[in-house]
Amino acid sequence: MTKVQATISSFWSKGSEKKAKPRTDGGGEGVADATEPKRARKENVQSSNSVEVMDREADVKVPKTDAGTVQDDAEAKKVEVEKETTTEERATKKKAVAVRKLTSETGEKSKNAEAETSTDKASGATWKAGQPVPYQFLAVGFGKVESITGRLEITDILRRMFQTIVETTPEDLLPAVYICVNKLGAPQEGLEIGVGEGILIKALSHTCGKSVNALKDEFRKVGDLGDLAASMKASQRTVFKPAPLTVRSVFKEFKAIAKSSGRSAMDEKRARIQKLLVASEGAETKYLARAFQGKLRIHIADKSILAALAESFPRPEETVERVGSDMSAASLLTHAYNQHPVWDTMLNYLLNNRVVDSGILDACKLTTGVPISPMLAKPTKGIDEVVEKFSDQPFTCEYKYDGERAQIHHLADGSIQIYSRNAENQSEKYPDVKLAMKDVLGPDYSNSEYILDAEVVAINPQTNHILPFQSLQTRARRDVSVAEVKVAVCVFAFDLLYFDKPLIHDPLKQRREKLRACFVEKEPVFTFAKGCDMNDPGEITDYLHESVKGGCEGLMVKQLLGPAATYEPANRSQNWLKVKKDYLEGLTDSLDLVPIAGYYGKGKRTGVFGAFLLACYNPESEQYETTCKIGTGFSEAQLTEFSEFYNEKDRIIGGRKSYYVFSGSTSLEPDVWFEESQVWEVRCADLTVSPAHTAAIGSVDPEKGISLRFPRFLRIRPDREPQNASSSEQIMEMYLAQP
DNA sequence: GTGTCCTGTGTGC
DNA sequence: GTCAGACCCATTCGG
DNA sequence: CCGAATGGGTCTGACGCACACAGGACAC
């Protein structure tokens with residue numbers, strides 16, 4: 001018993017030093033098939049096979065009992081660990097709480113764990129504590145997760161995976177989490193894998209010997225490169241079996257692929273991908289391929305990982321009142337992550353402390369130099385909805401500028417860093433902004449650290465008028481000097497998140513006062529977003545029209561006071577609403593267009609067309625001119641319906657009709673061409689000059705056509721014939737009528 | 001070797 | 001960016 | 001009073017356009 005105690009206490013007290021000592025006690029054994037979904041609440045099936053990994057792991061540390069049913073296991077462990085608790089209490093209170101919490105939680109869970117018998121024992125990957133976790137372990141878990149849709153179950157499977165890793169090889173938790181979220185590091189580090197469909201297909205082709213074109217055809221049918229890779233691999237005989245992949249080696253290899261650059265970088269990437277694919281087995285192949293492509297497609301993202309991590313560690317009751325002490329484990333982690341979105345920091349804390357407590361908010365705190373996930377606004381369908389939601393509270397309306405979100409940090413070292421909405425470091429792109437920010441701080445504040453939330457918008461430097469988003473896009477991104485800047489820009493600041501201390505818990509009114517007190521406008525490069533505080537919702541309409549006239553997309557409506565007016569990072573909160581002009585009567589851009597081609601759907605759209613090529617009609621030339629692709633706005637039933645419709649009665653034709661005007665753009669090249677048959681009503685936000693589409697070509701630009709921004713399907717127009725679709729001329733007029 | 005064009009990839013919205 | 005679908009959870013409805 | 005129905009909120013993954021950048025292919 002003493003020996004076991006030593007094991008357990010070392011388990012709890014051991015920090016997460018980078019190099020965890022190999023365990024000397026023989027260690028636990030991880031089991032790849034750790035993932036039977038727990039269906040406790042749904043079905044009460046009992047099975048002697050339904051031992052959770054947690055329990056097995058506990059068995060290793062606790063003297064073995066004759067494992068029988070789950071209940072027995074759980075009881076046995078509970079007893080043992082409770083004995084531990086008394087021992088632990090002599091050590092530190094915190095630990096004691098932690099252990100007790102774990103006891104009650106896992107004990108309870110185990111009791112309810114009448115999970116179904118797992119049928120997937122195929123992998124059989126096991127490893128000893130301290131040894132690298134096999135990648136197979138994750139891959140098998142991904143398979144389970146993918147096969148179900150319930151969030152609770154998904155979270156539970158992830159939880160078990162994480163707990164197993166923590167108990168065997170905690171230093172693998174970080175790479176495991178990164179593999180789960182399919183990222184290579186914090187976004188501001190700017191590491192991208194640089195692999196897509198193309199390279200992956202090439203690599204596959206080299207691996208399996210099939211031609212690239214054959215694989216592309218297969219891919220169209222299968223709709224998923226992971227599934228395709230897996231089926232290729234399954235049909236192949238492995239001559240000799242390379243060493244099994246591990247979580248850490250795979251993650252390391254991902255990074256290596258990302259970092260390869262320069263001459264023949266593509267060859268190197270391809271070679272590394274091939275090596276991994278060759279070494280992979282079963283589910284590994286599928287998820288490796290998907291990881292390269294950047295889509296794991298297993299219904300998990302950051303939020304699910306946070307939820308699972310929250311359940312992977314005990315949540316002690318906190319006696320001392322402090323910020324967050326009353327929060328649930330999940331909301332604690334979410335808050336911590338949202339204000340400091342770096343997995344390394346979070347996992348470091350969790351592994352060091354082995355609890356989820358409010359201390360994590362100190363570990364993951366709002367810091368200049370670490371971009372926070374920006375607060376987002378909820379789309380509304382119109383002003384009525386705003387009125388309904390903000391009936392009594394005071395609110396403010398701000399112009400919604402059509403530019404790029406920018407989070408501007410002033411660090412303690414005096415440097416300025418600019419981050420995008422997705423936390424990419426954009427500082428290189430905006431040397432002019434960095435320069436301008438040097439003197440926007442009011443007197444007495446020049447040494448203050450701050451985080452500003454703003455929108456960067458292209459402007460005409462002569463008139464100071466706002467330019468469309470398309471102009472902003474043409475700015476160079478890398479290694480730009482002030483002299484090289486081609487498109488002038490104005491920063492419209494609208495929030496202040498940090499000013500020598502975090503402000504996100506203050507109401508907007510206060511933050512805004514601080515913003516206006518500490519910063520000075522510097523026309524035309526730095527101004528405060530135009531806004532207007534209102535009590536009467538009736539004023540909104542006029543203001544909206546005004547904003548649109550000023551070149552904006554609409555309005556942001558925000559609560560000013562009270563708890564609903566704090567800054568909620570990463571939340572698409574009800575407290576910020578956006579009213580876009582394209583939802584409003586009279587300002588709506590709606591067109592009638594003709595589907596002339598289709599694209600095979602991928603992923604969950606496999607088997608139906610996932611998108612269509614739409615055209616307008618030019619009565620003068622009697623030709624159809626492509627206007628946009630469309631792939632959203634359909635229900636699943638409609639997609640099925642349209643696929644059936646176009647597959648009937650020779651509506652799919654051998655090739656492009658001579659009177660379909662197509663630019664030849666490879667990315668638009670359809671899978672099949674259609675007979676012009678229907679008219680669809682489509683909505684968009686704007687019309688744009690297009691290098692790829694041919695609608696009204698030559699009218700606003702000698703070589704370019706017109707296309708749609710944010711097109712979505714509304715409905716079929718059964719009352720219209722293709723020749724009555726919107727005309728090229730109408731589209732040109734709509735383009736010219738834009739503010 | 002150098003310049004130009006094309007393609008794939010990753011950003012922004 | 002838009003959008004639909006699935007799930008979860010709280011609330012309301014109906015027997 | 002309790003289970004069923006309902007509705008709002010959240011999360012995920014389909015898909016859109018335009019652009020810059022990096023590397024590869026090709027011509028000279």
Side-chain angles (χ1 to χ4, degrees), chain A residues 148-155 187 190 192-202 223 260-269 292-304 306-307 334 376 378-379 401-406 420-422 424 426 429 455-456 468-480 553 571-574 578 580 582-583 599 601-606 608-614 627-639 665-668 682-693 704 706-714:
Chain A
I148 56 176
T149 50
R151 317 253 21 114
L152 298 175
E153 257 180 88
I154 289 175
T155 309
E192 302 305 331
I193 192 139
V195 174
E197 230 170 84
I199 304 174
L200 189 50
I201 286 181
K202 267 185 209 157
S260 82
S261 66
R263 253 239 302 265
S264 61
M266 291 303 152
D267 272 347
E268 188 191 335
K269 281 183 202 245
F292 293 135
Q293 240 195 320
K295 291 179 194 173
L296 240 27
R297 297 190 45 240
I298 54 175
H299 327 114
I300 61 167
D302 288 5
K303 293 278 162 69
S304 303
L306 285 167
T334 306
L376 305 168
K378 226 197 137 211
Y401 295 94
D402 190 7
E404 210 177 310
R405 190 86 176 254
S420 76
R421 180 181 128 89
N422 297 315
E424 302 282 338
Q426 304 271 358
K429 179 175 172 181
E455 190 84 5
V456 175
F469 179 71
Q470 246 179 315
S471 328
L472 181 67
Q473 269 188 303
T474 62
R475 277 181 67 118
R477 293 178 189 158
R478 308 296 287 267
D479 199 20
V480 185
E553 290 184 280
N571 258 9
R572 202 173 279 284
S573 156
Q574 296 286 354
K578 60 176 165 188
K580 295 191 77 172
D582 50 306
Y583 288 114
Y599 304 83
K602 293 171 189 169
K604 64 182 174 188
R605 299 239 175 120
T606 302
V608 294
F609 292 119
F612 302 87
L613 182 61
L614 300 184
T627 310
C628 66
K629 282 211 295 178
I630 194 151
T632 193
F634 311 102
S635 67
E636 283 177 5
Q638 283 171 324
L639 284 173
S665 148
T666 47
S667 65
L668 284 182
V682 159
R683 174 172 292 175
C684 65
D686 294 297
L687 291 95
T688 58
V689 175
S690 170
H693 289 283
K704 294 179 177 175
I706 293 173
S707 186
L708 311 183
R709 192 177 183 201
F710 312 144
R712 59 265 197 195
F713 174 83
L714 287 184

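This one's a predicted model, so the numbers in the text were calculated from it and none came from an experiment. In what follows, chains are A, B, ... by sequence order, proteins preceding strands, each numbered from 1.
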DNA chain B: 5'-most and 3'-most nucleotides touching chain A, 4.0 angstrom heavy-atom criterion: B:dT9 to B:dC13

With sugar-phosphate meaning primed atoms plus P, OP1 and OP2, does A:F713 contact a base, only sugar-phosphate, or nothing at under 4.0 Å between heavy atoms? nothing

Whole-Å gap separating P (D:dC15) and CD (A:E636): 12 Å

Phosphate OP1/OP2 of C:dG5 contacted by A:T149 side-chain N/O (<4.0 Å): no

Cationic tip of A:K629 within the cone over A:Y599's six-membered ring, i.e. under 6.0 Å and within 45° of the normal? yes

Closer than 4.0 Å, any side-chain N/O of A:R421 to the OP1 or OP2 of C:dG1? yes

Could you tell me whether the side chain of A:V682 reaches within less than 4.5 Å of the side chain of A:I630, counting heavy atoms only? yes

Among all residues two or more places apart in sequence or in another chain, which pass the salt bridge (charged side-chain N to carboxylate O under 4.0 Å, His left out) test with A:R421? none

Ignoring hydrogens and geometry beyond distance, is a side-chain donor-acceptor pair present between A:S667 and A:S665 at under 3.5 Å? yes

Whole angstroms only, please: what is the CG-C1' distance between A:L668 and D:dC15? 14 Å

OP1, OP2 of C:dC3 versus side-chain N and O of A:R683: anything below 4.0 Å? no

Would you mind reading off the distance between A:R712 atom CZ and C:dG1 atom P, rounded to a whole angstrom? 13 Å

Closest-nucleotide 5' rank along DNA chain B - winner of A:E192 and A:K202: A:K202

May I have the distance from A:D402 (atom CG) to D:dC17 (atom C1'), rounded to whole angstrom? 13 Å

Value in whole Å for how far the C1' atom of D:dA14 lies from CG of A:L296: 16 Å

Scan A:G403 against the nucleic acid and name what it touches under 4.0 Å (heavy atoms): base, sugar-phosphate only, or nothing. sugar-phosphate

Looking only at side-chain N and O atoms, does A:K580 come under 4.0 Å of OP1 or OP2 in C:dG1? no

Can a salt bridge be assigned to the pair A:D686 and A:K580 using a cut-off of 4.0 Å between side-chain N and carboxylate O? no

Separation of atom CZ in A:R709 from atom C1' in C:dT2, rounded to whole Å: 12 Å

Base-contact (B) and sugar-phosphate-only (S) positions in nucleotides 18-28 of chain D, heavy-atom cut-off under 4.0 Å, - elsewhere: BBBS-SS----

Please confirm whether the shortest side-chain N or O distance from A:K629 to OP1 or OP2 of D:dG16 is below 4.0 Å. yes

Partners meeting salt bridge (charged side-chain N to carboxylate O under 4.0 Å, His left out) with A:K429 (sequence neighbours left out): A:E404

Reading DNA chain C from 5' onward, which residue's closest nucleotide shows up sooner: A:R151 or A:P711? A:P711

Give A:Q426 one of three labels, base, sugar-phosphate or nothing, depending on what nucleic acid heavy atoms sit under 4.0 Å from its own. sugar-phosphate

Please give, in whole Å, the distance from D:dC17 P to A:L687 CG? 13 Å

Residues passing the side-chain contact (heavy atoms from CB on, under 4.5 Å) test with A:P187, sequence neighbours excluded, are A:A423, A:E424

Heavy-atom nearest nucleotide on DNA chain B taken for A:G194 and for A:T666; more 5' hit belongs to A:T666

Taking any heavy-atom pair under 4.0 Å as a contact, classify A:K303: base, sugar-phosphate, or nothing. sugar-phosphate

Modelled atom types, side-chain donor and acceptor of A:R151 and A:S304, under 3.5 Å: yes

Go through the structure and list residues passing salt bridge (charged side-chain N to carboxylate O under 4.0 Å, His left out) with A:R605, not counting sequence neighbours. none

Once you round it to whole Å, what is the distance between P of D:dG16 and CZ of A:F612? 11 Å

Check against ring pair (Phe, Tyr, Trp, His ring centres under 6.0 Å), A:F609 and A:F634: CA-CA 11 Å; A:F609 292 119; A:F634 311 102; over 10 Å; no

